[in-house]
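Below is one structure, written out as structure tokens; comments come after it.
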Amino acid sequence: MTVAAPSVPRVTTTPPTVPVETHRRTVFGYLIRPLLCAAVLVVLFAVINSRPLDTIEQRALSSANLLAAIGEHLALTLVSTVLVIIIALPLGILFSRSFFRPIRPFLIGLFNLGQALPTIGILVLFAVAFSFVGFGATIIGLVIYAIIPVMLNTVVGLQQVDPAVLESGRGMGLSSRQVLFGIELPLSVPIILAGVRTALVINVGTATLAAYIDAGGLGRVIVAGMATNRQLIQIAGAVLTAVLALLIDYLAGVIEDAVRPSGL
């Protein structure tokens with residue numbers, strides 16, 4: 001008599017669902033930085049209004065003067081960053097192509113020399129050697145200093161795209177131009193925008209040096225405080241510069257979240 005072996009029930013396991021990581025912030029995440037910046041500004045202006053100001057401090061810390069300095073600073077930052085994007089993005093695309101691979105380290109090293117030079121040295125060189133001062137000279141100095149982050153991030157962003165994805169696009173009959181603009185650049189957006197954000201913050205901080213060559217900005221508030229030995233004026237200019245850098249970086253982050261391709 002043969003005894004049949006008991007049947008063992010088959011257990012089927014369903015692989016766990018891995019949640020897709022997203023980089024979208026919560027409402028509180030979007031509000032925390034502007035609220036903190038607003039709180040810092042409230043404290044700053046409360047301190048200014050609580051102190052008796054002499055004639056020099058009243059003139060330097062007047063609303064009209066501070067708003068004009070902020071407007072000049074924003075113009076320097078935004079114009080220089082737009083020019084950086086116009087120059088650095090095509091260069092990054094060009095350097096990421098295979099035919100530039102043998103000389104890419106040399107070219108990137110050459111551009112790194114611009115960032116190695118101190119910006120104040122470039123501005124002084126323009127002023128002393130070429131009598132070139134003002135808004136235009138500052139823009140050139142800021143572009144030279146901030147071009148590297150955007151260019152390098154563009155190269156890195158394009159190189160990190162999966163080659164299999166590119167081959168799939170070519171297999172579908174897409175031209176090299178269509179692959180670049182339809183696949184490579186959209187997938188590189190987060191890394192490229194990180195470079196743009198870095199350039200923006202660099203330019204906000206570096207633009208304070210524009211005061212030394214008569215280009216305005218919040219730097220002239222700080223320099224005025226140093227020249228007259230008024231610490232309150234120096235602190236006000238420095239705090240406004242820091243808050244402006246934080247807010248510009250925040251707005252760039254919001255734009256980055258808005259244009260980021262779905263799923264990245």
What heavy-atom pair brings [X] and [Y] nearest, and what distance separates the two atoms?
{"X": "Thr206", "Y": "Ile202", "result": "OG1-O, 2.7 Å"}
{"X": "Thr81", "Y": "Val196", "result": "CG2-CG1, 4.4 Å"}
{"X": "Leu187", "Y": "Gln160", "result": "O-NE2, 3.5 Å"}
{"X": "Phe135", "Y": "Ala215", "result": "N-CB, 3.9 Å"}
{"X": "His73", "Y": "Val204", "result": "NE2-O, 2.7 Å"}
{"X": "Ala210", "Y": "Leu76", "result": "CB-CD1, 3.7 Å"}

If hydrophobic clusters are built from ILVMFWY residues whose side chains come within less than 4.5 Å, do [X] and [Y] share one?
{"X": "Val82", "Y": "Leu89", "value": "no"}
{"X": "Ile233", "Y": "Leu41", "value": "yes"}
{"X": "Leu91", "Y": "Ile191", "value": "no"}
{"X": "Phe45", "Y": "Val243", "value": "yes"}
{"X": "Leu31", "Y": "Leu246", "value": "no"}

To the closest 0.5 Å, what do you measure between [atom1] ([X]) and [atom2] ([Y])?
{"X": "Arg230", "Y": "Leu53", "atom1": "CZ", "atom2": "CG", "value": "10.5 Å"}
{"X": "Arg170", "Y": "Gln178", "atom1": "CZ", "atom2": "CD", "value": "12.0 Å"}
{"X": "Phe181", "Y": "Leu174", "atom1": "CZ", "atom2": "CG", "value": "13.5 Å"}
{"X": "Ile70", "Y": "Thr241", "atom1": "CD1", "atom2": "OG1", "value": "8.5 Å"}
{"X": "Leu78", "Y": "Leu200", "atom1": "CG", "atom2": "CG", "value": "7.0 Å"}
{"X": "Glu57", "Y": "Ile48", "atom1": "CD", "atom2": "CD1", "value": "9.5 Å"}

Exam field: side chain Thr208 to backbone Gly219, donor-acceptor pair closer than 3.5 Å: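 Checked: no pair found.
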With distance as the sole test, does Asn65 use its side chain to make a donor-acceptor pair with the main-chain N or O of Leu61 at under 3.5 Å?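 Flag not set: sc Asn65 to bb Leu61 has no pair under 3.5 Å.
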Decide yes or no for [X] and [Y]: does some side-chain heavy atom of the first lie under 4.5 Å from some side-chain heavy atom of the second?
{"X": "Tyr145", "Y": "Leu142", "result": "no"}
{"X": "Leu240", "Y": "Val221", "result": "no"}
{"X": "Gln234", "Y": "Val223", "result": "no"}
{"X": "Arg33", "Y": "Asp249", "result": "yes"}
{"X": "Leu74", "Y": "Ile248", "result": "yes"}
{"X": "Val150", "Y": "Thr154", "result": "yes"}
{"X": "Val189", "Y": "Glu256", "result": "no"}
{"X": "Glu184", "Y": "Val179", "result": "yes"}

Worked verdict on Leu36 versus Val40 for side chain to side chain contact (heavy atoms under 4.5 Å, CB included): CA-CA 6 Å; Leu36 287 175; Val40 170; 5.6 Å; no
For the residue pair Asn153 / Arg197, report whether a side-chain donor-acceptor contact shorter than 3.5 Å exists.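 Not at all, the side chains of Arg197 and Asn153 share no donor-acceptor pair under 3.5 Å.
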Please determine whether the number of non-hydrogen atoms from other residues, nucleotides or ligands lying under 6.0 Å from atom CG of Asn229 exceeds 12.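 Not more than 12 within 6.0 Å, no.
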Among Val155, Ile85, Leu185, find the one that has a side chain to side chain contact (heavy atoms under 4.5 Å, CB included) with Ile192.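 Only one option passes, and that is Leu185.
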Identify the residue among Leu244, Val47, Leu218, Leu44 that makes a side chain to side chain contact (heavy atoms under 4.5 Å, CB included) with Val239.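 With Val239 as partner, side chain to side chain contact (heavy atoms under 4.5 Å, CB included) holds for just one option, Leu44.
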Step by step, work out the salt bridge (Lys or Arg N to Asp or Glu O under 4.0 Å) result for Asp214 and Arg220. CA-CA 8 Å; Asp214 197 28; Arg220 67 178 174 84; over 6 Å; no
If you apply the rule side chain to side chain donor-acceptor pair (under 3.5 Å), what do you find for Ser80 with Asn203, and how did you get there? CA-CA 8 Å; Ser80 60; Asn203 284 345; 3.1 Å; yes
